[in-house]
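Here is the structure we will look at, set down as structure tokens.
Bear in mind the structure is a predicted one, so any value in this text is a computation, not a measurement.
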Amino acid sequence: KAGVTQTPRYLIKTRGQQVTLSCSPISGHRSVSWYQQTPGQGLQFLFEYFSETQRNKGNFPGRFSGRQFSNSRSEMNVSTLELGDSALYLCASSPDRARPNEKLFFGSGTQLSVL
Amino acid sequence: GESVGLHLPTLSVQEGDNSIINCAYSNSASDYFIWYKQESGKGPQFIIDIRSNMDKRQGQRVTVLLNKTVKHLSLQIAATQPGDSAVYFCAEISGGGADGLTFGKGTHLIIQP
């Protein structure tokens, strides 16, 4: 089974721009979660989607949004980028039988740099 | 707020020795704990998990111990190998997972030849 796939691997943007990151979960997984990883704050939960619906949300501003498609693929969008948004954005999927955010299988992430 | 933390940012061990990585948590309502391994340039990789109704769980060369009395979690790696070099994170879930996983800061395990 292929793992979680995230594209692109690297992104460089400037302040004020917006960005869209893409994630394809493991085949058969309908739950997709997003996390932000920075050296200072570590790994922090952004949101979780299941069957095209946002099921849970972390404590991030409204500039961070996401969506999930009928094939379980997910995208997250960050608008009006700030320098502090520079981070590794990780997507993870989990089996349906697991509770939200249990048994997470992570992708390699998208490294976003905001200049 | 409540969070999961680790005692040491870096741990250096000799190849072949056993490694013990510790984690303290403060949320007594947490009922599920996980250890992840993150190698450079990769996402976290699931190692082992344990529920709060258990004290110990074993996997292949790894053992997780949970002490609810002192809110302490540990990961033991037997016969440490060069491939075990990575950053190890403990994480917890409470409240059914609605708040996502709460991760600790991580311990960088360095293997000395």
* Tell me, with the steps shown, if A:Gln41 and B:Phe103 meet side chain to side chain contact (heavy atoms under 4.5 Å, CB included). => CA-CA 10 Å; A:Gln41 298 299 318; B:Phe103 281 86; over 6 Å; no
Interface check, chain B: of A:Arg55, A:Lys57, A:Gln37, most non-hydrogen pairs under 4.5 Å belong to A:Gln37
Task: CG/B:Asn53: more than 12 non-hydrogen atoms of other groups inside 6.0 Å - done: yes
Is it true that, when you exclude A:Ile12 itself, more than 12 heavy atoms of the residues, nucleotides or ligands shown sit nearer than 6.0 Å to its CD1?
no
Per-residue tally against chain A (heavy atom, under 4.5 Å) across B:Arg51, B:Gln45, B:Lys42 peaks at B:Arg51
Applying a strict 4.5 Å limit to non-hydrogen atoms, the region of B:Asp49 in contact with chain A is side chain
ILVMFWY cluster, B:Ile20 and B:Leu75 together (side-chain gap under 4.5 Å): no
Heavy atoms of B:Phe46 and A:Lys103 approach each other most closely as CZ-NZ, 4.3 Å
Given A:Leu43, A:Leu88, A:Val4, A:Leu90, the one with more heavy-atom pairs under 4.5 angstrom with chain B than any other is A:Leu43
Residue from A:Gly109, A:Ser108, A:Gly107, A:Gly58 scoring the most non-hydrogen pairs under 4.5 Å with chain B is A:Ser108
Bottom line for B:Leu101: the part with an atom under 4.5 Å from chain A's heavy atoms is both
Is there a path of hydrophobic side-chain contacts, each under 4.5 Å between heavy atoms of I/L/V/M/F/W/Y residues, joining A:Val114 to A:Leu46?
yes
Review point. When clusters are formed by joining ILVMFWY residues with side-chain heavy atoms under 4.5 Å apart, either directly or through shared neighbours, do B:Trp35 and B:Leu65 land in the same one?
Key: no
Honestly curious: do B:Ile48 and B:Tyr88 fall in one hydrophobic cluster under the side-chain, below-4.5 Å linking rule?
yes
Whatever's closer than 4.5 Å to a heavy atom in chain B on A:Tyr35 counts as side chain
query: Is a donor on one side and an acceptor on the other found under 3.5 Å between the side chain of B:Tyr36 and the backbone of A:Phe106?
result: no
Q. For the hydrophobic clusters of this structure (ILVMFWY residues joined by side-chain heavy atoms under 4.5 Å, transitively), does one cluster hold both A:Leu11 and A:Trp34?
A. yes
